[in-house]
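In what follows, a structure is listed as structure tokens, so that the remarks can point back to it.
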Amino acid sequence: MQERYEHAAVERAAQSAWAETRAFAVTEDPKRPKYYCLCMFPYPSGRLHMGHVRNYTMGDVLTRYMRMQGYNVLQPMGWDAFGLPAENAAIKNGVPPAKWTYDNIAYMKGQLQQLGFALDWNRELATCQPAYYHWNQWLFLRMLERGIAYKKTGVVNWDPVDQTVLANEQVLDGRGWRTGAPVEKREIPMYYLRITQYAQDLLEELDRMQEWPERVRAMQANWIGRSEGVRIGFPYQLAGERRVLNVFTTRADTLMGTTFCAVAAEHPLATHAARNDPALAEFIEECKRGTAQEAEIAVMEKRGMPTGMFVTHPLSGEPVPVWVGNYVLMTYGEGAVMGVPGHDERDFGFALKYGLPIKFVIRPDGANAAEFTTREWRPEYSAYGVCVHSGKYDGLHYQAAVDAIAADLQAKGLGEKQVQWRLRDWGISRQRYWGCPIPLILCPKCGDVPVPDQDLPVVLPENLVPDGTGNPLNKTPSFYEVKCPQCGGDARRETDTMDTFVDSSWYFLRFACTDDDRAMVDERANYWMAVDQYIGGIEHAILHLLYSRFWMRVMRDMGMIQVKEPFARLLTQGMVLNNIYSRHAGDGRVEYFHPDDVEVQLDANGAQIGAKLRRDGQPVQWEGMRTMSKSKNNGVDPTDLVERFGADSIRVFMMFKAPPEDTLEWSDDGVEGSARFVRRLWRMVWEHVDRDGKTGVPRQELVALSPAQREMRRMAHATLVKVTDDYGRRRVFNTAIAAVMELMNALQKFDDASEQGRAVRHEAFELIVQMLGPIAPHVCHVLWKELGHADPLIDHPWPHPDPQALVQDRIEVVVQVNGKLRSKVEVGASASQDEIRAAALADATIQKWIEGKAVRKVIVPPGNKLVNVVV
RNA sequence: GCGAAAGUGGCGGAACUGGUAGACGCGCUGGAUUUAGGUUCCAGUGGGCAACCCCCGUGAGGGUUCGAGUCCCUCCUUUCGCACCA
């Protein structure tokens with residue numbers, strides 16, 4: 001064995017051994033328990049970032065651990081390959097998005113291989129391949145047949161320069177993020193998926209998903225947003241016809257306090273009223289144009305205009321004026337609200353501004369009878385309470401009032417209890433080139449005609465170069481000029497593509513059967529699904545994870561898959577941060593310096609007191625730890641690091657520095673520390689097997705071990721218990737590594753050259769190498785062989801602790817006096833509580849503490865590890 | 001405003017079921033090796049005290065308990081998500 005640890009050689013040896021035996025290719029095996037471990041697939045942006053490395057290392061640790069536990073483990077990898085950055089790169093460099101994407105994939109695949117992840121590359125897929133998106137199109141057509149997909153004209157953010165729809169997050173201060181052009185609201189026909197149909201089930205199932213983080217479940221529940229209330233109809237006459245204005249409210253108990261109704265600008269009633277009222281028409285236009293940022297809307301001034309129309313209060317029969325309000329959303333509830341200024345903050349402000357009457361009809365719980373008359377809003381106005389000034393409902397508390405009012409409304413045919421959802425249907429049309437074509441043909445005679453199944457996939461041309469002025473598909477007659485499949489006449493192919501979230505909504509199913517060109521999924525998907533462990537960033541807590549849950553339900557209802565929840569267990573890994581250093585110039589410009597170029601100044605304790613640029617020795621400002629980004633110049637490159645330290649050291653550092661869900665602060669010193677640890681492991685094994693010149697494995701005589709040898713052995717097995725629990729149950733890796741470090745520290749001090757001492761040491765090293773195998777697989781692969789094993793470590797069964805080794809003759813008992821640690825005594829492991837109590841009281845130190853005081857109680861809690869003497 | 005999480009040494013973190021606070025590592029200090037730097041090894045490292053077998057100490061204040069970082073109440077701070085959702 002070589003004395004020097006050379007990471008490049010070690011990693012080459014391990015990786016080629018795995019490659020030769022195709023070690024990570026898996027097939028379905030009904031005889032073995034399966035384990036599907038999946039990390040969210042990356043967008044091929046160019047290079048791996050450290051967040052990827054962290055994510056995939058976690059997945060790899062679990063994959064390798066479960067494999068050693070005897071599971072048939074699938075860990076695949078693919079590419080979320082459609083999307084905007086490829087188009088932007090194309091605009092900048094004049095290269096087709098396809099080429100840019102495939103080049104990036106090739107490079108990043110190399111990076112993943114460098115890191116030694118146990119991936120089954122036979123199952124690699126990219127969502128931009130026709131063989132993949134074929135099935136997006138196929139399933140979309142099935143959804144269309146079932147009414148789950150439908151076309152609707154909806155309001156979207158439109159960038160007039162780029163000629164495309166923008167997502168809400170792409171609108172900054174009312175302007176397009178790329179062009180800076182003021183964003184318009186446009187009504188555009190789009191395809192939607194009826195995710196709302198599954199709202200109830202998507203919400204209910206969350207309660208049972210105990211293996212998902214509470215946070216993610218809460219966010220999804222919030223997003224789905226179920227609320228129970230009452231739909232209330234306010235009748236009115238229009239052109240001699242009786243009509244009803246519906247509103248939705250969760251506070252039907254305040255109905256008698258209604259002094260106006262407000263409708264959204266897009267509401268039909270508003271449109272009708274504006275016909276003969278130019279001022280109102282203009283106001284409505286203004287509202288429609290208004291800002292697209294929801295956060296801004298929230299703080300926007302409440303404005304309105306009367307429509308001049310009146311509706312009738314359904315219970316009192318009084319006339320109620322109808323206003324158009326800019327704070328009413330067309331997309332929620334009925335697009336109209338009843339205005340109860342006495343008990344709703346928004347209505348209150350609105351009424352004050354426009355001089356509408358305010359009626360108080362609820363006396364909040366805990367308040368005295370006095371009415372609220374302030375001209376300033378108070379939170380208690382919207383509190384629950386009993387009805388007052390509400391005729392027959394007076395004295396009823398919230399729930400009773402709601403029940404009574406709903407019953408009366410129902411009797412009149414003017415309302416009923418109703419459940420409202422915040423969730424909206426998923427609009428999937430994008431006026432973008434680099435995405436999956438929507439398989440429809442727009443025929444002037446026949447309307448929207450689905451592309452026949454036998455003509456699928458509709459292949460996206462890969463050679464186009466967008467120039468920033470809209471979708472290049474619209475300038476490509478060879479793509480859009482088609483004949484109608486129904487009437488044979490001239491027609492135009494749909495040039496919108498699908499939202500890229502469609503691609504990622506089912507890729508985990510396809511990994512089971514990437515080679516199947518006849519069906520979207522087959523029986524193998526039922527073998528592998530559900531994903532047992534899914535790992536990815538918290539940023540996908542809602543969109544991707546909710547869409548995938550929806551998509552699975554659709555496929556299950558079509559009989560294509562048996563389970564409905566795609567991800568049994570979810571781990572949301574924390575972000576990777578690094579220091580940010582900057583200098584602010586007088587003219588407002590900021591220059592960012594890479595942490596490598598900055599020298600940190602410390603005080604005598606090692607506390608950071610300042611930082612300066614190495615180049616010029618002048619101070620720079622520390623802006624804290626934030627996510628790595630190009631703009632802040634604080635990224636680190638995985639490939640650089642692998643070359644400098646080796647993949648194993650990077651992996652150890654990533655797993656050791658923080659628990660999986662927490663943020664991880666990058667530190668070069670920390671990586672050095674991990675590299676030191678790996679080197680030390682190598683050197684200690686070398687000293688054991690080689691320097692001593694006795695490579696044979698001594699036979700271990702358990703009965704004849706000395707107390708020190710027994711203690712060493714006990715510690716090795718206790719560490720195994722701890723590490724197994726950390727991997728298997730707790731899913732934390734930092735403490736597992738810490739435990740192994742502790743064991744190594746003890747082993748270093750275990751200076752015993754006897755046959756038995758060497759045997760104990762040998763066993764300890766075997767355990768260490770097995771325990772670290774999932775985290776530092778390359779070095780452990782080689783050390784395992786050096787320890788005399790012919791079988792590859794990855795296939796060696798996970799070791800079991802020896803119960804004999806864990807037995808202790810004598811145990812240490814902590815002795816407290818009044819809850820404070822005062823002494824420790826050693827007793828036999830089988831000592832009774834009475835014996836322990838006696839030993840504690842007999843201890844000289846304890847004698848001093850209790851001298852002259854009355855011992856009131858002596859407590860020995862279960863476990864016999866502690867005694868508390870109460871005096 | 002609503003929802004979720006978190007506040008522990010100079011730093012990252014550990015303490016899992018209420019039972020030895022600060023494991024493990026980074027940094028720092030001293031020493032050995034080295035021509036030197038780096039590497040490696042040894043020792044020390046929460047604060048107070050000349051020192052301890054002492055006192056203090058887990059965001060603040062109160063409470064429960066033989067015993068509280070952990071449980072309860074009040075408050076403060078931070079991060080994240082949602083936000084005119086009627």
Side-chain angles (χ1 to χ4, degrees), chain A residues 213-219 221-223 225 227 229 247-251 254 262 294-300 302 325-329 331-340 344-347 349-350 379 420-423 538-539 541-542 600 602-609 625 653 656-659 661-665 667-674 676-677 679-680 683 722 725-726 729-730 732 734-742 744-745 748 812-824 844-845 848-849 856-859 861-863 865-871:
Chain A
E214 173 64 34
R215 189 156 67 122
V216 176
R217 288 188 287 145
M219 280 163 73
N222 216 299
W223 186 264
S227 48
V247 304
F248 173 77
T249 180
T250 53
R251 291 300 301 271
T254 66
E294 297 200 333
E296 281 173 34
I297 294 169
V299 295
M300 209 160 68
K302 305 211 174 355
N326 69 343
Y327 69 99
V328 184
L329 303 176
T331 45
Y332 185 78
E334 305 286 342
V337 298
M338 62 182 203
V340 186
D344 180 279
E345 186 173 1
R346 292 156 306 178
D347 298 344
F350 195 80
Q420 240 343 296
W421 303 91
R422 210 188 77 101
L423 185 69
I538 185 74
E539 67 272 19
I542 295 173
V600 174
L602 306 171
D603 70 10
N605 295 322
Q608 186 174 331
I609 50 173
M625 286 263 180
F653 172 72
F656 177 63
K657 181 80 189 204
E661 314 238 61
D662 290 10
T663 56
L664 181 146
E665 298 184 358
S667 110
D668 277 348
D669 288 329
V671 184
E672 299 269 9
S674 296
R676 189 147 56 227
F677 168 71
R679 269 200 307 272
R680 192 162 153 242
R683 180 161 183 96
K722 159 81 179 156
D725 189 49
D726 281 352
R729 179 181 64 89
R730 297 215 301 152
V732 288
N734 55 329
T735 48
I737 295 171
V740 173
M741 287 174 168
E742 249 183 299
M744 274 172 48
N745 290 344
Q748 186 122 58
E812 192 178 64
V813 176
V814 171
V815 188
Q816 300 177 331
V817 177
N818 286 346
K820 289 201 165 156
L821 172 70
R822 295 301 179 195
S823 184
K824 293 172 185 179
T845 314
K848 263 200 297 196
W849 279 98
R856 284 199 306 171
K857 225 197 268 185
V858 181
I859 293 162
K865 300 199 82 169
L866 179 139
V867 179
N868 190 13
V869 183
V870 186
V871 297

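In what follows, every heavy atom counts, from backbone to side chain, and hydrogens, waters and symmetry copies are set aside. Quick note on labels: first sequence line is chain A, next is B, and so on, each numbered from 1.
- Dashed line: the shortest gap from a side-chain N or O of A:Arg679 to OP1 or OP2 of B:U40 is under 4.0 Å.
- Summarising the geometry, the separation between CD1 on A:Ile538 and P on B:G3 is reported as 18 Å, rounded to the nearest angstrom.
- Nucleic acid contact class of A:Ser667 (heavy atoms, under 4.0 Å, all strands): none.
- Searching all strands for a Watson-Crick or G-U wobble partner of B:G69 with both distances below 3.5 Å returns nothing.
- In this structure, A:Gly333 reaches neither bases nor backbone, as no heavy-atom distance under 4.0 Å exists between it and the strands shown.
- Taking atom CZ on A:Arg422 and atom C1' on B:G3, their separation rounds to 12 Å, with Å as the unit.
- Here the P atom of nucleotide B:G69 and the CG atom of A:Leu821 are 13 Å apart, to the nearest Å.
- Side-chain atoms of A:Arg822 and base atoms of B:C53 include no donor and acceptor less than 3.5 Å apart.
- Contact annotation: side chain of A:Lys865 to base of B:U20, donor-acceptor pair absent below 3.5 Å.
- Remark: A:Arg683 is not in phosphate contact with B:C41, judged by side-chain N or O atoms under 4.0 Å from OP1 or OP2.
- At the phosphate of B:C26, OP1 or OP2 sits under 4.0 Å from a side-chain N or O atom of A:Arg676.
- Distance, A:Glu661 CD to B:A5 P: 12 Å, rounded to whole Å.
- Taking atom CD of A:Glu214 as the reference point, atom P of B:G81 lies 17 Å away to the nearest angstrom.
- Dashed line: the shortest gap from a side-chain N or O of A:Lys857 to OP1 or OP2 of B:C66 is under 4.0 Å.
- Glycosidic conformation at B:G25 (O4'-C1'-N9-C4 for purines, O4'-C1'-N1-C2 for pyrimidines): anti, more than 90° from 0.
- As a whole-Å value, the separation of A:Met744 CE from B:U40 P is 13 Å.
- A:Asp347 comes within 4.0 angstrom of no nucleic acid atom, judged by non-hydrogen atoms across all strands.
- Counting to the nearest Å, the P atom of B:U79 and the CE atom of A:Met625 are 16 Å from each other.
- As judged by a 4.0 angstrom heavy-atom cut-off over every strand, A:Val337 is placed among the base-contacting residues.
- A:Asn868 comes within 4.0 angstrom of a base, heavy atoms only.
- At a threshold of 4.0 angstrom between heavy atoms, the contacts of A:Arg730 include nucleobase atoms, whether or not backbone atoms are also involved.
- We find that CG of A:Leu602 is positioned 14 Å from P of B:G10, with the value rounded to whole Å.
- Considering only side-chain N and O atoms, A:Arg217 lies nowhere under 4.0 angstrom from the phosphate OP1 or OP2 of B:G3.
- Within the nucleic acid shown, A:Val328 comes within 4.0 Å of at least one base atom, counting heavy atoms only.
- Looking at heavy-atom distances under 4.0 Å, A:Trp421 makes no contact with the nucleic acid at all.
- Within the nucleic acid shown, A:Pro659 comes within 4.0 Å of sugar-phosphate atoms alone, with no base atom in reach, counting heavy atoms only.
- Residue A:Gln816 is classed as a base contact, given a heavy-atom separation below 4.0 Å to a base.
- Residue contacts shown for A:Ser227 are limited to sugar-phosphate atoms, with no base heavy atom under 4.0 Å away.
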